[in-house]
Amino acid sequence: MKKLMTAAAALTMLSAPAFAAGDAEAGKAKSAVCAACHGAEGISAVEIYPNLAGQKAAYIVSQLKAFKAGERNNAIMAPMAMPLSDQDMEDLAAYYASL
């Protein structure tokens, strides 16, 4: 019976909708620095800077982590990503994904 309950709980968790770990409102507040290059609403006015609006949250988080870890090199983004906590990244990602 215990195994059946454990299996049922696991199945319930797997079938539940996934919720973003980030807080879009907190991300909006944290995005002021990003706006200089990526635009106030996540749409860049300069071709060399990518648009962030509408990107998948998981993609944004993975890219920020790659910049922070030095796995992805960019003289502008590396120092921007360094002070970000995991929660900061999740919040920013939730915000830009919501646009």
Give the cluster check for Y49 versus L99: same hydrophobic cluster or not, with ILVMFWY residues linked at side-chain heavy-atom distances below 4.5 Å.
no

Any chain of hydrophobic side-chain contacts (each under 4.5 Å) joining I76 to V46?
yes

For residues 28-41, please give each side-chain donor-acceptor pair under 3.5 Å, one per line with the distance, not counting sequence neighbours.
residue, atom, partner, partner atom, Å
K30, NZ, D88, OD1, 2.8
K30, NZ, D91, OD2, 2.6
S31, OG, K28, O, 2.8
H38, ND1, P50, O, 2.8

Which atom of K68 lies closest to which atom of A81, heavy atoms considered
CD-O, 3.6 Å

Correct closest heavy-atom pair for S44 and N51 would be N-OD1, 2.7 Å

Say you draw a straight line from CD of E90 to CG of D23; how long is it, rounded to the nearest 0.5 Å?
11.5 Å

Rounded to the nearest 0.5 Å, what's the gap from CG on N73 to CZ on F67? Could you check?
9.0 Å

State, yes or no, whether a side-chain contact exists between L92 and L84 at a heavy-atom distance under 4.5 Å.
yes

Side-chain contact, heavy-atom cut-off 4.5 Å: M89 with I60?
no

Check this for me: M80, atom CE, are more than 12 non-hydrogen atoms of other residues, nucleotides or ligands nearer than 6.0 Å?
no

S98: side chain to side chain contact (heavy atoms under 4.5 Å, CB included) partners, not counting sequence neighbours
A24, Y95

